[in-house]
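Step one of this worksheet: look at the structure below.
Starting from 1, each residue takes its place in the sequence as its number.
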Amino acid sequence: ESLEATPFNLYVDKPYYWCAYDFYIKQYPDNNIDMNQFISISEKTVEFCKKNENDSSCVNLNLMVVLKVVRVLVNIDSNNFEKQLEWMQKIDVELLDSISDTFVAEDGNEITNSSKERYYNQMCWILYKKVISGYDEEITSNNFDEFIETAEYIVENCDQKSSDVWLENPYVLTVLKVVKIYNKKNFKNYSKILEWISKLDPSLLSEEILSFKDSEGKDRELASAKEYYYQHISKAYEKLRKFEKCVAICDLGLEEIKKWHYKNHIWIRARRYYSNCMITDDFDEAIKEYIKLAERESHWFMFHKVSLLYLSKGRIDDALSFAAKAFTASRRFDIEKMINLVYDIGILLQAKSKSNQANIFFQACGYYRNLREWKLSEELRFIIKENNIDISKKFDLNKLRLIIKEYISSNSNLKLDEKKVFTGKIHKILTNGDGFIERKNNESLYFKVRENKGFIIDDIVTFEIGYNKDQKPIAINVKKQGRT
């Protein structure tokens, strides 16, 4: 019989429509009906369920039919979001509470999932693909408010899944995309970045690394979701001056992530050292760790941060010396990235009563900001006006280098003893014999099994610091001293 000829009667027709689902809808496209017949039977079944929405089995049938149709539509044209949403709207979400949480999937497996979760998983995937995944700030037609509203809808109606099933819904991908978009903005809102990245539970994040070949055929890897989490939450904590939390999250990330990308472990360690310098009672000891890292990497940004740390302590000579190192560390002088360093050098020279030299740096800073139509700070505007500095004239880079050269000291009072012996406490032993030593600054330092002399938890040990092949610091020459 044709479905059109069948009258609506709940007790007679409910088994009929369940059979229609089993034979025609559920088995499509592995049966002998075409797409038009599939849609027609699905529409007729949904219409029947709508007229009997007080019956829980009809509500369940309606949900299963709609989700099946949407999956078919996605396979045909994944970008036809309007058609997918049109079918999803045939589900009354409030009625889903009446349905059993256990159902049999198309592969015959019994799955325990709330009906609302099945609905929201599908709805959120559609919205993610429609609004979130392809969002680009540079495309003016994109609406940032719609992007954020959609992202908020997704995280409110999905839960983060464990790493083995995290792609059941787009919760994690949505959070990562929002953080990425906030990071692309010229003026980064780190409060918002922290708010969004904090929606993730790192213990549930996947450590899976995506391998691919680039356009030149070279093998490449993308960082895991867990690495991305530690990379961005540590930076947000540092920028927001939440230094104790930054130290703790850096230690956790350095302990958990086994393989790093893009030198993330170096930058996380740098944030850890910087934050520790801001809260420690032993500043001189703490900053040695950062200087050691900066010297090893020879990175201008790290030298600049060391300079700022000394400036925060009022140690102008040390601050100027490391600012000078920062200025000369980079092979290519990139004033766009180093513009704040140029200004800071001017401030330090001014503090040393080297006004003429300071004005040359202020002129360079003002010229470039004016050239790029960047805003001049109130302090810089005052300095330019007070000293009658002409910022329309191009600065002389060689003159800047000549001036700064004389302030690069050997820092003999800051030389680091690579063979210095430290004391710590064994606080973790792994099953393979590797372990971790807790130092007085609460940093956890890894040691290999070959260093294990039968240590147990709470053993007091002395050790030196070495580096593994990834240039991560590790404890070497570990020797037992006693027990706590």
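- Asn264 places a side-chain N or O within 3.5 Å of a backbone atom of His261 that can act as its donor or acceptor partner.
- Judged by distance alone, with hydrogens and angles left aside, the side-chain atoms of Ser40 form no donor-acceptor pair with the main-chain N or O of Asn36 at under 3.5 Å.
- The environment of NZ in Lys188 is crowded: more than 12 heavy-atom neighbours from other residues, nucleotides or ligands sit within 6.0 Å.
- Side chains of Asn169 and Tyr120: a donor-acceptor N/O pair is absent below 3.5 angstrom, by distance only.
- Taking the centre and axis of the six-membered ring of Tyr237, the NZ or CZ atom of Arg271 falls outside the cone set by 45° and 6.0 Å.
- A distance-only check finds a donor-acceptor pair linking the side chain of Asn157 to the backbone of Tyr153 [under 3.5 Å].
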Going through the distances and angles, do Phe303 and His299 end up as a ring pair (Phe, Tyr, Trp, His ring centres under 6.0 Å)? CA-CA 7 Å; Phe303 285 128; His299 201 291; 8.9 Å; no
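- Put simply, the residue from Glu255, Glu256, Glu208 that forms a salt bridge (Lys or Arg N to Asp or Glu O under 4.0 Å) with Lys226 is Glu256.
- Here Lys130 pairs with Glu82 under the salt bridge (Lys or Arg N to Asp or Glu O under 4.0 Å) rule; sequence neighbours left out.
- Using a cutoff of 4.0 Å between basic side-chain nitrogens and carboxylate oxygens, Arg272 and Asp251 are scored as salt-bridged.
- Side-chain N or O atoms of Gln27 include one that pairs as donor or acceptor with a backbone N or O of Asp22 at under 3.5 Å.
- Checked against ring pair (Phe, Tyr, Trp, His ring centres under 6.0 Å), Tyr190 has no partners two or more places apart in sequence or in another chain.
- The shortest heavy-atom contact between Lys177 and Ile132 is CE-O, 3.2 Å.
- Stacking of Lys14 on the aromatic ring of Trp18 is not recorded, the 6.0 Å distance cut-off and the 45° axial limit not both being met.
- In this structure, Lys26 is not positioned above the aromatic face of Tyr21 in the sense of NZ or CZ being under 6.0 Å from the six-membered ring centre and within 45° of the axis.
- Of the possible polar contacts, none joining the Thr280 side chain to the Cys277 backbone as a donor-acceptor pair under 3.5 Å is found.
- Residue Asp281 places its CG atom among 12 or fewer non-hydrogen atoms of other residues, nucleotides or ligands, all under 6.0 Å distant.
- Checked against a 6.0 Å centroid threshold, the rings of Tyr368 and Trp374 count as neighbours.
- Note on Lys258 versus Glu207: no salt bridge recorded, every NZ/NE/NH1/NH2 to OD/OE distance being 4.0 Å or above.
- In this structure, Lys313 is positioned above the aromatic face of Phe283, its NZ or CZ under 6.0 Å from the six-membered ring centre and within 45° of the axis.
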Let's go through Leu445 and Phe422 carefully: what are the C-alpha distance in whole Å and the side-chain angles of both, what is the deciding distance for side-chain contact (heavy atoms from CB on, under 4.5 Å) to 0.1 Å, and is it a yes or a no? CA-CA 11 Å; Leu445 200 63; Phe422 299 90; over 6 Å; no
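- Without hydrogens or angle criteria, Asp434 side chain to Lys448 main chain gives no donor-acceptor distance under 3.5 Å.
- Between the side chain of Asn183 and the backbone N or O of Val179 there is at least one donor-acceptor pair closer than 3.5 Å.
- For Tyr128, there are no side-chain hydrogen bond (donor to acceptor under 3.5 Å, both in side chains) partners, not counting sequence neighbours.
- In this structure, Glu244 places its CD atom where only 12 or fewer heavy-atom neighbours from other residues, nucleotides or ligands lie under 6.0 Å away.
- When the shell of 6.0 Å around OH of Tyr24 is examined, it contains 12 or fewer heavy atoms from other residues, nucleotides or ligands.
- Within a 6.0 Å sphere centred on CZ of Arg241, other residues, nucleotides and ligands contribute 12 heavy atoms or fewer.
- Checking side-chain atoms of Asn52 against main-chain N and O of Asp55 turns up no donor-acceptor pair under 3.5 Å.
- Between the side chain of Thr174 and the backbone N or O of Pro170 there is at least one donor-acceptor pair closer than 3.5 Å.
- Contact check for Cys365 versus Arg369: side-chain heavy atoms found under the 4.5 Å cut-off.
- Counting heavy atoms of neighbouring residues, nucleotides and ligands inside a 6.0 Å radius, atom NZ of Lys242 does not exceed 12 of them.
- The backbone N or O of Leu73 lies less than 3.5 Å from no partner atom in the side chain of Trp87, so there is not a single donor-acceptor pair.
- Using a cutoff of 4.0 Å between basic side-chain nitrogens and carboxylate oxygens, Lys50 and Glu43 are not scored as salt-bridged.
- Within the 4.5 Å cutoff, side-chain heavy atoms of Gln122 are placed close to those of Arg71.
- For Lys185, the NZ atom is densely surrounded, since the number of other residues' heavy atoms within 6.0 Å is greater than 12.
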